[in-house]
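Below you'll find the structure, written out as structure tokens, and then a few comments.
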Amino acid sequence: MRLSKCLLQTLRDAPSDAEVPSHKLMVRAGLIHKAAAGVYTYGPFLWRTLVKISTIVRDEMDRAGAQELLLPQLQPQEIWARSGRLQTYLDAGIMFTVKDRKGGDFCLGPTAEEAITDFVATNVRSYKQLPQTLYQSQTKFRDEFRPRFGLMRGREFIMKDAYSFDADDAGLDASYRAMRAAYVRIFERCGLEFLAVQADSGDIGGSGSEEFMVTASTGEDLIVYDDTTGYAANVEKAETRVEAPSHMGDPLPMHVEPTPGDKSVEDLCRRFPRLSAARMVKTILYRVVHRDREEDVAVLMRGDQDVNEVKLKNHLGAASVELADEARVRRVTGCEPGYAGPLEVKDGKLRFVADTSVEPLRNFLCGVNRPDVHALDVNHGRDFPTPPFADLRRAREGDLSPRSEARLKTARGIEVGHVFKLGTKYSAAMDACFLDRDGKKKPFVMGCYGIGVSRIAAAAIEQNHDDKGIVWPRAIAPYQAVVVLARGNDPVAADAAGRIYDALHASGVDTVLDDREDQSAGVKFKDAELVGYPVRVTIGKHVAEGKVEVTVRRTGGTELVPLTEAAARVKALLDAMPSGRHVGRS
RNA sequence: CGGGGUGUAGCUCAGCGGUAGAGCCUCAGCUUUGGGAGCUGUAUGUCGGGGGUUCAAAUCCCCCCACCCCGACCA
């Protein structure tokens with residue numbers, strides 16, 4: 001392709017609504033254009049990248065034995081009603097809904113479990129037809145409460161989603177392993193550094209899930225990992241161990257002390273400097289919403305630890321949990337916030353749960369549900385009933401690994417893939433069944449496997465850019481190389497550029513020729529760096545000696561190469577570029 | 001949905017009661033051709049929309065809308 005013929009408008013300034021590098025650079029490099037909040041046109045250069053990503057995904061899906069199909073984007077709400085998720089999605093407000101001419105209710109597909117289950121249910125009758133793994137790649141729609149960061153969190157985005165259907169759990173395990181292995185290969189081939197982490201399966205449910213995270217400082221997710229064992233998990237899910245404080249001594253008589261104005265652990269640490277935060281127990285009240293009711297729950301947490309609300313929600317089997325507001329705290333404890341505790345409880349129905357870090361504590365401090373005092377040398381089981389214990393802590397850097405004596409480390413990541421074992425959640429709800437060997441009707445055992453295709457493009461930029469622009473991994477760059485004609489009015493240079501361009505094409509290198517006559521060499525260099533071609537060939541001042549410059553975008557390293565060898569050198573440099581890396585593997 | 005902020009040219013922004021502005025971009029021409037180069041000229045707007053106050057509103061007030069940020073939410 002000749003750049004003089006391309007529609008590619010680069011910008012000197014980033015739009016003011018862009019915050020993260022990928023968003024700024026995509027706009028500046030002319031890759032995207034905003035049509036509405038979270039809705040973008042993918043320009044010709046970005047589309048090339050998206051096609052390359054899709055091709056890798058398709059290739060690996062097919063290799064893993066999956067079959068491609070295309071499900072409807074315009075979905076009848078009826079199938080959502082059947083799975084029982086319609087009201088959840090409508091209430092959450094993330095579903096785009098539409099009516100047809102006759103008033104029928106449809107939606108723009110936010111995901112496709114219902115559509116695929118409906119399809120498979122009517123086409124698969126026998127265990128002999130199993131297993132099946134089907135996938136599609138297309139636009140998904142979610143009316144996100146807060147679209148942001150350009151393509152990272154849009155309301156319309158391209159996703160590859162695959163679904164496996166098996167007769168039993170063992171079959172699901174095998175299908176899941178095959179997809180997981182394909183995912184590793186996909187992200188490696190895309191040239192990304194990534195991690196596979198244990199994840200919370202969220203509202204989609206199921207027995208287990210892992211997320212594939214592209215490491216980047218701007219990632220929205222926090223990952224904790226132990227690089228001695230390969231344990232890695234989303235912080236929402238991460239298990240940790242914390243050491244019990246030493247020298248707690250034998251149980252002492254409980255006593256209540258004045259603590260006027262001390263509402264936080266920090267205040268109390270100041271008042272009792274010899275008592276560490278680990279010897280305090282804070283009581284945090286939550287409003288817990290279940291499908292059919294609501295309750296108040298008090299969480300007892302060690303003073304130096306924080307509550308992980310996802311763990312709490314899962315532990316309670318709740319639809320949602322939210323921190324109680326001040327009015328609720330007053331009603332439940334009869335006291336202003338800051339003094340809640342497990343002692344002298346006013347509300348007899350109040351449910352207590354405690355983090356496991358509280359279990360070994362002796363002679364600790366806690367609230368008494370009375371203002372301006374706290375109790376010291378409290379012991380559970382003696383001074384108040386021993387509550388049920390569960391892991392409700394938020395994992396932190398430096399905690400002990402659940403798998404070894406190593407300390408956990410943290411990293412930020414962008415979720416680009418998620419694999420789930422769904423089990424029979426959707427098939428049972430939608431009565432999607434097959435006849436098994438024993439003649440009995442059974443629901444399909446399902447898995448689902450998503451990859452954010454457009455998000456991969458954004459994540460690749462978040463992970464690979466510098467102050468000059470994008471640094472595309474070679475496999476997903478719009479073009480692998482650019483030939484810059486830096487002497488526009490020199491016929492020798494123009495001729496050389498044409499020949500190198502042809503030679504690159506002949507050797508299979510995806511190349512664009514910057515032959516724009518109205519742009520100076522400086523502009524072409526800036527554009528080449530902004531757009532992020534992995535390799536640049538500059539035809540300029542050395543052309544008289546029969547030489548051209550070959551520059552690697554990532555390193556900036558430049559070498560002079562004889563004109564006749566330039567194409568081969570570019571090819572060699574591209575081939576030498578590393579593939580992606582699966583980090584933190586044991 | 002709660003809190004905050006911003007809407008002026010394609011982009012970045014100034015102007016904040018008295019004739020609509022700059023830089024970049026676009027277009028024409030000249031010059032230039034190794035780092036977003038220079039000169040001359042040209043084009044560009046319901047100042048987000050509606051209502052109000054005023055002799056006069058981009059500017060002040062009210063309502064709406066859009067966009068952005070924080071939070072809540074999230075296959």
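Below, each value reflects all heavy atoms present in this structure, side chains not excepted, and no hydrogens, waters or symmetry copies. None of these values were measured; they are calculated from a predicted model. To find a chain, count down the sequence lines: A is the first, B the second, and so on, and within it residues start at 1.
- Applying the 3.5 Å distance criterion, the base of B:A75 shares a donor-acceptor pair with the side chain of A:Glu113.
- A donor-acceptor contact shorter than 3.5 Å links the side chain of A:Asp325 to the backbone of A:Arg328.
- Within the 3.5 Å criterion, the main-chain N or O of A:Phe444 finds a donor-acceptor partner in the side chain of A:Ser427.
- Among the protein residues, A:Lys524 comes within range of no part of the nucleic acid, since none of its heavy atoms lies under 4.0 Å from any strand.
- In terms of phosphate contacts, A:Arg142 brings no side-chain nitrogen or oxygen within less than 4.0 Å of OP1 or OP2 of B:C74.
- Taking the ring centre of A:Tyr176 as origin, the terminal cationic atom of A:Lys421 falls inside the region bounded by 6.0 Å and 45° from the ring axis.
- With P as the reference atom, B:G45 and B:G10 are 8 Å apart, rounded to whole Å.
- Taking atom C1' in both B:G15 and B:U26, one finds a spacing of 24 Å when rounded to whole Å.
- Residue contacts for A:Glu211: at a heavy-atom cut-off of 4.0 Å it reaches no nucleic acid atom on any strand shown.
- In this structure, the NZ atom of A:Lys24 is 13 Å from the C1' atom of B:C68, given to the nearest Å.
- A donor-acceptor contact under 3.5 Å links the side chain of A:Thr10 to the base of B:G36.
- B:C30 and B:C67 have their P atoms separated by 45 Å, given to the nearest Å.
- Remark: the separation of the C1' atoms in B:C61 and B:U40 is 47 Å, to the nearest Å.
- Between the P atom of B:C11 and the CG atom of A:Leu11 lies a distance of 8 Å, rounded to the nearest Å.
- Look at the P atom in both B:C27 and B:C73: the space between them is 49 Å, to the nearest Å.
- Nucleic acid contact class of A:Tyr163 (heavy atoms, under 4.0 Å, all strands): base.
- Counting atom types as modelled, A:Ser520 pairs no side-chain N or O with a base atom of B:A37 as donor and acceptor under 3.5 Å.
- Closest approach to the A:Phe145 side chain among B:C73, B:G34, B:C67 is made by B:C73 (side chain taken as heavy atoms from C-beta onward).
- For the C1' atoms, the distance linking B:C16 with B:U32 amounts to 42 Å, nearest Å.
- Looking at heavy-atom distances under 4.0 Å, A:Glu549 makes contact with a base.
- The A:Leu530 side chain lies nearest to B:G36 when the options are B:G36, B:C67, B:G34.
- Remark: the A:Arg28 side chain and the B:G36 base include a donor-acceptor N/O pair separated by less than 3.5 Å.
- Between the C1' atom of B:G4 and the CZ atom of A:Arg148 lies a distance of 15 Å, rounded to the nearest Å.
- Between the side chain of A:Glu462 and the backbone N or O of A:Ser22 there is at least one donor-acceptor pair closer than 3.5 Å.
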Margin query: Applying side-chain contact (heavy atoms from CB on, under 4.5 Å) to A:Val543 and A:Lys547, what does each step give before you reach the verdict?
Written below: CA-CA 5 Å; A:Val543 74; A:Lys547 292 194 171 159; over 6 Å; no
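- In terms of position on RNA chain B, the residue among A:Gly540 and A:Phe149 whose nearest nucleotide sits closer to the 5' end is A:Gly540.
- In terms of polar N and O atoms assigned as donor or acceptor, the side chain of A:Arg146 never comes within less than 3.5 Å of the base of B:C73 in a complementary pairing.
- For the P atoms, the distance from B:C60 to B:U31 is 50 Å, rounded to whole Å.
- A:Arg536 comes within contact range of at least one nucleobase, with a heavy-atom separation under 4.0 Å.
- By the 4.0 Å N-to-carboxylate-O rule, A:Arg499 lies close enough to A:Asp495 to be salt-bridged with it.
- When the C1' atom is compared between B:G71 and B:G18, the two are found 44 Å apart, to the nearest whole Å.
- Counting any heavy atom pair closer than 4.0 Å across all strands shown, A:Asp490 reaches no nucleic acid atom.
- Side-chain to base pairing of A:Glu529 with B:G36: no donor and acceptor N or O lie closer than 3.5 Å to each other.
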